[in-house]
Each structure stands twice: as C-alpha cells, then as structure tokens.
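Proteins get letters first, then strands, A, B, ... in listed order; numbering begins at 1 in each.
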There are 2 protein chains.
Amino acid sequence: MNDIKKQFCNFLKNNNLLLTAQRECILNYILSTSYHFDAEQLYVQMKSEDPSIGRATVFRTVKLLESSGLIRKIRLGKSKSYYELTVKKKHHEHLVCQNCGKIIEFIDSGLEERIIKIAKKNNFKINKHAVEIFGICEDCFKSTKNK
Amino acid sequence: MNDIKKQFCNFLKNNNLLLTAQRECILNYILSTSYHFDAEQLYVQMKSEDPSIGRATVFRTVKLLESSGLIRKIRLGKSKSYYELTVKKKHHEHLVCQNCGKIIEFIDSGLEERIIKIAKKNNFKINKHAVEIFGICEDCFKSTKNK
DNA sequence: TTTGAGATTGATACTCAATATCAAATATAT
DNA sequence: ATATATTTGATATTGAGTATCAATCTCAAA
Ligand SMILES: [Zn+2]
Ligand SMILES: [Zn+2]
Ligand SMILES: [Zn+2]
Ligand SMILES: [Zn+2]
C-alpha cells in the first residue's frame, strides 16, 4: 500500500471509519487521474466500473477525502464544486478562461506569502484560501482579434 | 438622478433595456445598504416594500446589476452567491471565519499587483478575480484557547 | 462461530439556489 | 390607435448536494 493510501487509512482509523471496497475503489481512481473532477462525473465513472455503487456513496466519499486533506475543493467559477489532489502536485492556483473554459494552473510564491502575511496582520488563523483569476486566455484573445 | 443611477441607465439603454419601477426600486435599495447580500434575501426585502414583486424579477435584476458592473459576485465559501457594491467602496478581498461566519474585509495593493502580474505573465486578459481566505478569526481563536 | 453494536451502503425523497417557460401586462415608435 | 418589443410574475423545472432509513457489512468479544 502506498503512502497516500496509508494516509487515508490513518485518517479513517482516527475517525473510527472503515476502509470499504467502495472507498478504496474511489481513492484508486482519483489517484490514477491527476486533474480536476467533480463528484457527479466521478460517480458516472465509478458506476461504469461497478454499476452497484450509489451516488450518495460517491458524494460522501468525496467529502471524506476532502476532510482527510487528500483533495481540496476548487470553484472554477461554476455553481458546482470541483476537486483536485493535494498530493503528487505542488500547491497552485487557477486562471479560468471565460470564453473556452480552459484552466491554466500557476504557482506564485509571492502571492502565497502575501496571503499568509495578510492573515497574520489580521490575527487570523488561516486554514485555506482560494485565488481564481477569470478572463480571456491568449488563444481566445488572438482568435478574437483576427475577426 | 445620481451618477450611479445614471451609470445603470446607460447600461440599460446600451442594451435596449428599460428602467422599470422594479429595477429602480431594487437599485435604490442596494445603494442604500452597503454590505454583502444575496438574491433571496434581497427578494424578501423588496417583497416587504412591494408585495407584488416576483422572485424571478429580483434574481434577473441582480444579474443585470452584475453585468452592468455595479455589483460583483462573491462566494464567501457558501453554495449560494453573495453580492456587493463595487462603487462607493474601494476594491477589497475577504477573510471568512469558519467558526462564527464573520467576514473581514481587507485591501492589499501588493496582492492586487501580483495578480495583475500573474495574468500578464500568462498573456491572460484579466477580467475579474476572487481571493478568499478561510480560517478562524481572532475572537474565535481566543475563546477556544480559554477552554 | 455466533452475536451484537456500530459503521456503511444504495434507493429514494428532499432541500436549496437558480433558471426556463409563457401568457399577460407595459412601454415605445409610427 | 396599432404594431412591435420588452418585462413581469406565477409556475415548473433544473442542478447540486443532503437527509433518511432499512438492509448489509465489519469486527471484537463471548
Ligand atoms: Zn480561452
Ligand atoms: Zn489545479
Ligand atoms: Zn470567528
Ligand atoms: Zn466586501
């Protein structure tokens, strides 16, 4: 069993929860993909692997995975929640193209430091933060100009 | 008619829309308050002033006001959308206490500059951005420690 | 190995926020 | 007045997520 799975098992044990077949199956799947996903689309995927799995179970497991810290919720400007692994990839934020929907990830330590400073200045015990930038990506901008 | 109202009227004219009694009434109300609100709570308020107003009209008008740039959408970590005036107050971001729900507004020009730089570096034509910091406020943290 | 308390499941119904539909009412231009 | 376009409110519908609950599973203790 790899480290990430162990981490989830520990989380489960610490909370008197069990590692069930469904939970393991979902964990395996999200570890195998490494991009943004939402609970409904994860349900459809899991359903195709095991038609007996229920929607509620998938939604519940996504919550558990978020509580465990293995995934984090992102919004991407939509009404539903998206999620991404917090492990296997550095912490980053997102640029969202309002024209084509493309998501560009970026890492900016200056930005992260500023956020920590702001929290400190306000005596705020920071837990998480969300930074999202919306606009028009380079490709979309170019193709608009060409018209 | 004040400047802000004129701005909304221009927006309406430019889009072949009319300034109706309902729209004016809603505009007046949000100009008179200067804090975060959501569409449903605005509807309840407007209903109390004019019981004949419909929910759909309020939700539609909130959208119009957002398109016009007079208000902007913020999330505050909830599933519903909140809004706030973009005029009469400097652009700011939010700290959200996950314990008591308190919202702390802050202005940080360094943060704003970084965001603009990041967009530029990615050749991204920035339109808007969202920065929200979640955690525990000073008061909540103190009262936790005292236990 | 049984037993039983507690955890988990999937089906279903439900909530909540927001949107779509549409006929009636308003406004505007001629 | 008449034709055209916009807006309205009631209602139904969607979309995302949660609550309920009887049936099932797990596992430690007897
Ligand atoms: Zn694009
Ligand atoms: Zn990402
Ligand atoms: Zn607090
Ligand atoms: Zn604010």
### Query
Between H94(A) and H129(B), is the ring centre distance below 6.0 Å?
no
### Message
Expressed as a whole number of angstroms, how long is the span from K47(A):NZ to dT9(C):C1'?
### Response
12 Å
Tabulated below should be each protein N or O lying under 3.5 Å from an N or O of nucleotides 13-17 of chain D; please produce it.
residue: dG17(D); atom: OP1; partner: S81(A); partner atom: N; Å: 3.0
residue: dG17(D); atom: OP1; partner: S81(A); partner atom: OG; Å: 3.3
residue: dG17(D); atom: N7; partner: R55(A); partner atom: NH2; Å: 2.4

### Contacts of type side-chain contact (heavy atoms from CB on, under 4.5 Å), residue K6(B), not counting sequence neighbours
M1(B), D3(B)
### Message
Applying side-chain contact (heavy atoms from CB on, under 4.5 Å), can you list everything that pairs with I107(B), at least two apart in sequence or on another chain?
### Response
K90(B), H92(B)
### Query
Among all residues two or more places apart in sequence or in another chain, which pass the side-chain hydrogen bond (donor to acceptor under 3.5 Å, both in side chains) test with D139(B)?
K102(B)
## Note on the structure
Tracing side-chain contacts under 4.5 Å among Ile, Leu, Val, Met, Phe, Trp and Tyr outward from V44(A) reaches none
### Message
Rounded to whole Å, how long is the line connecting atom NZ of K13(A) with atom C1' of dT26(D)?
### Response
14 Å
### Query
To the nearest angstrom, how far is Y43(B) atom OH from dC16(C) atom C1'?
15 Å
### Summary
B/S/- along nucleotides 3-8 of chain D (protein heavy atoms under 4.0 Å) is ---SSB
### Query
How would you list, by chain and number, every residue that makes a salt bridge (charged side-chain N to carboxylate O under 4.0 Å, His left out) with R55(B), sequence neighbours excluded?
E40(B)
#### Entry: Partner residues of L19(A) under the side-chain contact (heavy atoms from CB on, under 4.5 Å) criterion, sequence neighbours left out
F8(A), C9(A), L12(A), R23(A), E24(A)
### Message
Among residues at least two apart in sequence or on other chains, which ones pass side-chain contact (heavy atoms from CB on, under 4.5 Å) with Q22(A)?
### Response
T20(A), I53(A), T57(A)
